[in-house]
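Hydrogens, waters and symmetry mates are skipped; everything else that's a heavy atom, side chains included, is used. Per chain, numbering begins at 1; letters A, B, ... match sequence-line order.
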2 protein chains.
Amino acid sequence: MRKENSTNTLNKQNLEKECGMSYALTTIGGRWKPAILWRLCKGKMRYSELRDAIPNVTERMLVLQLREMEKDGLIKRIVYAEVPPRVEYEMTVKGNSLRPILKSLSDWGDENRL
Amino acid sequence: MRKENSTNTLNKQNLEKECGMSYALTTIGGRWKPAILWRLCKGKMRYSELRDAIPNVTERMLVLQLREMEKDGLIKRIVYAEVPPRVEYEMTVKGNSLRPILKSLSDWGDENRL
DNA sequence: TTAGGTACTATCAAAAATGTAAGTAATGCG
DNA sequence: CGCATTACTTACATTTTTGATAGTACCTAA
C-alpha cells in the first residue's frame, strides 16, 4: 500500500528516525487505535467483542489497525485452535508502557476540547 | 477541503467527541506538527526560521500545519507591520500545557523505536 | 524603474487512508 | 447435505493528506 520511494514515505521515515515524538504518534495515531487501546487497557478482548464495542468500525478497518499495532508490538494476538474460531487481543509489555501517556492524552483532550 | 457529510468525516467527529485521546491526537498528529512544536517549545520563531530549521518541509505544508495549530489554539501568530514582513510564532498557554505530554511521547519514542 | 526580501497563495498532481460490499474457511450439528 | 458461527479477506470506490511548482503583495533602497 505504501510506495517505497515516494517523497511522502521518505519524509515520514526521516521524521520518525529523527524524532521519537513522530514515531510515537504514528504508532498510536490511526483513526481507530485510540478506541481499541482504550478498551484493551481494561483487559483482553475477543475480536467480536471489540467489533461490537466500537461503534461504526468496519471489520476491514478494525483488522488493519489491529495488525499494525501487533506489528509494532503494542498488542498480542492469541489464537485458540477451535471451531468456530476464537481470537483474543491483549496489551503487551510495550503496549502497557504507554498507559500513563494514553491517560494524560485523554485527560488533556477532555479538558481542552469544546 | 473536508466534505461535511462523508462517513469519514462523521466518524472522525464522533470519535473526537467521545474520546479525549482522539481529540488530542488529531490536534498534534499532523505530519509536521511534532517538528514544529518541538522547536517552538524552545522559544518563539519567525516563519523563515521554522522553514529553514525543518528539513524537507514545503512552504505549503508548513503554512497548513501552522494554521491548524493556530485554529486549535496551540500556537499564536504575531504579525509586525513592517516591510519586509515579519511574523513570529509562539506557543500559547494551551500549547504549553502539552509540554509534559510531548516530552513523554518523545521519551517513549526514543526508547521504543528500533 | 527595477530588484530584493519576507511571508505567504494558488493550482494541480500524487499518494495514502478510509469506507463499502461481498465473499471465504473450518467444522460441528441437525 | 446444508446451516450456523467466528474471524477474517478481497476488490473496488471515495475521501483526505501530502507534495511540486509557480506566482503574489508589500515597501524600500539603489
What's the CG-C1' distance between A/D52 and D/dT5, to the nearest Å? 13 Å
Is the shortest side-chain N/O distance from B/R86 to OP1 or OP2 of C/dG5 below 4.0 Å? no
Given atom CG of B/N5 and atom P of C/dT18, what is their separation to the nearest angstrom? 19 Å
Could you give the CZ-to-P distance, from A/R2 to C/dA14, as a whole number of Å? 18 Å
Does a nitrogen or oxygen in the side chain of B/Y80 sit under 4.0 Å from OP1 or OP2 of D/dC26? no
Atom pair distance, as rounded to whole Å: CD in A/E88 and C1' in D/dA7: 13 Å
So which nucleotide from D/dT6, D/dT18, C/dA7 ends up closest to the side chain of B/R77? C/dA7
Candidates C/dT18, C/dA7, D/dT18 - which lies nearest the side chain of B/R31: D/dT18
Rounded distance (Å) that lies between atom P of C/dT6 and atom CE of B/M45: 14 Å
What does A/R46 touch in the nucleic acid at a heavy-atom separation under 4.0 angstrom: a base, only the sugar-phosphate, or nothing? sugar-phosphate
Show which residues join B/L10 in its hydrophobic cluster (side-chain heavy-atom contacts under 4.5 Å, direct or indirect), or state none. none
OP1 or OP2 of C/dG5 sitting under 4.0 Å from any side-chain N/O of B/S48? no
Taking atom types as they are modelled, would you say the side chain of A/R60 forms a donor-acceptor pair with the base of D/dT10 within the 3.5 Å cutoff? no
Closest contact, heavy atoms only, B/P55 versus B/W32: O-CZ3, 3.7 Å
Pairing of B/R51 and B/E59 as salt bridge, 4.0 angstrom limit: yes
Heavy-atom side-chain contact between A/E90 and A/R77 under 4.5 Å: no
Given C/dG19, D/dC8, C/dC8, which nucleotide is nearest the side-chain atoms of B/V87? C/dC8
Taking 4.0 angstrom as the limit, do B/K44 and B/E88 come out as a salt bridge? yes
CD of B/Q65 versus P of D/dG19: gap in Å, rounded? 9 Å
Does C/dC8 have OP1 or OP2 sitting under 4.0 Å from an N or O in the side chain of B/R67? yes
Reckon B/Y47 has a side-chain N or O less than 4.0 Å from the OP1 or OP2 of C/dG5? no
Can you tell me the distance, in whole Å, between the CG atom of A/L10 and the P atom of C/dA14? 17 Å
Among D/dC26, D/dC8, C/dT9, which nucleotide has an atom closest to any side-chain atom of B/P85? D/dC26
Nearest-nucleotide check on DNA chain D, A/E59 vs A/T7; residue mapping nearer the 5' end is A/E59
Relative to the 5' end of DNA chain C, which residue comes earlier, A/P84 or A/G29, by the nucleotide with the nearest heavy atom? A/G29
Measure from the side-chain heavy atoms of A/V83 and tell me the nearest of C/dA7, D/dT18, C/dT27. C/dT27
From the list C/dT6, C/dC8, D/dT16, which nucleotide is the closest neighbour of the side chain of B/T9? D/dT16
Please check the phosphate of D/dT15 (OP1 and OP2 only) for any side-chain N or O of B/S6 closer than 4.0 Å. no
Presence of A/N8 side-chain N/O under 4.0 Å of C/dA14 phosphate oxygens OP1/OP2: no
Nearest-angstrom distance from the residue atom CH2 of B/W32 to C1' of D/dT17: 13 Å
Should B/L105 and B/I28 count as side-chain neighbours, where that means a heavy-atom distance under 4.5 Å? yes
